[in-house]
Amino acid sequence: MQPKLKSRVKWADREVGEVTRVILDPLSRDVSHIVVGGNGVGTQERQIPVSAFQSVTGDTVHLRAASSQIGQFPAFQREAFVTIREVEIAHLEDHLDVEPGEVLVPVPELERDVKRRTFFTNLTHAIGALLALPLLYPVLRYVMKPMYAPFDNRWIKIGNVNKIKTEDVGVQFKFKKLVKEAFMPEAEVDKNVWILKASPPVLEQVYKGKDMEFRDSTGQVVWVNKRDFPYVVYSGKCPHLGCGYKWRKVPKLGREIFLCPCHLSIYDPSGKVLDGPAPRPLDPLPIRVAASGDIEIIDMEYKAGVKAQVRIV
Ligand code: FES
């Protein structure tokens with residue numbers, strides 16, 4: 001059994017403190033230490049390895065040592081750790097027996113002195129860039145011209161609504177899209193979106209009682225999603241940093257949600273952020289459904305990592 005946050009800490013002679021944080025081993029993804037603070041511990045939290053555990057039962061961690069030995073455990077240094085949201089650990093969601101957000105992993109040794117080193121590296125790069133700018137400007141202007149081309153508002157057929165069996169359940173649709181990258185010829189790339197047949201409460205949360213307008217680069221409206229149209233499509237890219245996310249059942253939450261495994265952003269079926277670093281809800285896209293049930297979308301893309309929805313493609 002893994003220790004839980006807020007568990008009581010029972011020493012060999014008496015109970016002192018509680019588990020204030022949990023530290024994971026980033027390789028094994030198991031708990032390697034607990035941090036003990038609170039009642040009787042003093043001002044300095046202590047870091048205790050799992051090897052000092054006698055046992056873990058329910059919400060109590062039993063230690064072998066007596067409470068008088070607390071000073072022998074190292075003081076907890078917050079700056080030596082990052083939260084699991086700040087790093088990328090594959091399949092971490094399979095190990096989430098503890099609360100996301102209050103779980104730490106050690107900062108790698110090489111990263112600890114990074115501020116000073118990166119300052120001088122960045123300074124050197126900045127001076128180099130300033131010197132090269134007059135020479136590079138005409139080349140950059142030619143290369144970047146396609147970036148200012150009008151947005152791609154083509155409708156793309158991606159499947160049929162008969163694939164969607166249940167209300168408020170995310171269904172992934174994969175499709176191919178022709179994309180033109182800068183001065184390269186047009187090429188086909190794999191894309192995906194998530195579609196819900198939304199219940200009235202979810203539609204209300206998505207549209208807040210108003211139809212949703214989509215615009216091109218000139219500000220002109222190219223499509224309007226009606227607020228009572230039951231199918232909602234979300235861009236397949238997480239608004240945090242653009243990773244692909246999944247529809248997952250999380251037993252701990254007792255519900256199904258969209259989960260981005262990169263930094264553990266969690267969204268409800270309406271796209272609202274429930275947890276994690278995502279700065280905004282999932283991005284809805286224009287959708288229309290033919291009488292045959294065929295679904296078409298406009299695959300718009302939005303800038304990642306910012307609160308506002310800024311269209312870039
Ligand atoms: S890309 Fe960071 S949470 Fe999705």
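For clarity, every value in this text was computed on a predicted model and none was experimentally measured. Note that these values count all heavy atoms, side chains included, but never hydrogens, waters or copies made by symmetry. Remember, it's 1-based here, ligands and their atoms both numbered in the order they're listed.
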Check: Mind checking what makes side chain to side chain contact (heavy atoms under 4.5 Å, CB included) contact with Ala12, not counting sequence neighbours?
Finding: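 If we apply the side chain to side chain contact (heavy atoms under 4.5 Å, CB included) test to Ala12, skipping adjacent residues, there are no hits.
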
Notebook entry, point to check: Protein N, O or S atoms at less than 2.8 Å from atom 2 (Fe) of ligand 1, how many?
Noted result: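 For atom 2 (Fe) of ligand 1, the figure is 2.
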
Note to self: Can you confirm whether the side chains of Thr20 and Glu45 place a donor and an acceptor under 3.5 Å from each other?
What the structure shows: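 Judged by distance alone, the side chains do pair up.
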
Checklist line | Smallest separation among heavy atoms of Phe258 and Asp268, with atom names | finding: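 Looking at all heavy atoms of both residues, the shortest contact is CD1-O, 3.7 Å.
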
Going by atom type alone, with no hydrogens or angles, which donor-acceptor pairs under 3.5 Å involve a side-chain atom of residues 303-313 and a protein atom two or more places apart or on another chain?
| unit_1 | atom_1 | unit_2 | atom_2 | d |
| --- | --- | --- | --- | --- |
| Gln309 | NE2 | Asp283 | OD1 | 2.9 |
| Arg311 | NE | Val313 | O | 2.8 |
| Arg311 | NH1 | Asn153 | OD1 | 3.0 |
| Arg311 | NH1 | Arg215 | O | 2.8 |
| Arg311 | NH2 | Asp152 | O | 3.3 |
| Arg311 | NH2 | Asn153 | OD1 | 2.8 |
| Arg311 | NH2 | Val313 | O | 3.3 |

Check: Cys pair Cys260/Cys238: SG distance under 2.5 Å?
Finding: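 No - the two cysteines, Cys260 and Cys238, have SG atoms at least 2.5 Å from each other.
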
Checklist line | Any pair counted as side chain to side chain donor-acceptor pair (under 3.5 Å), so long as it reaches residues 192-201, sequence neighbours left out | finding: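 Every side chain to side chain donor-acceptor pair (under 3.5 Å) pair that includes a residue of residues 192-201, provided the two are not neighbours, is Asp168-Ser199, Gln172-Asn192.
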
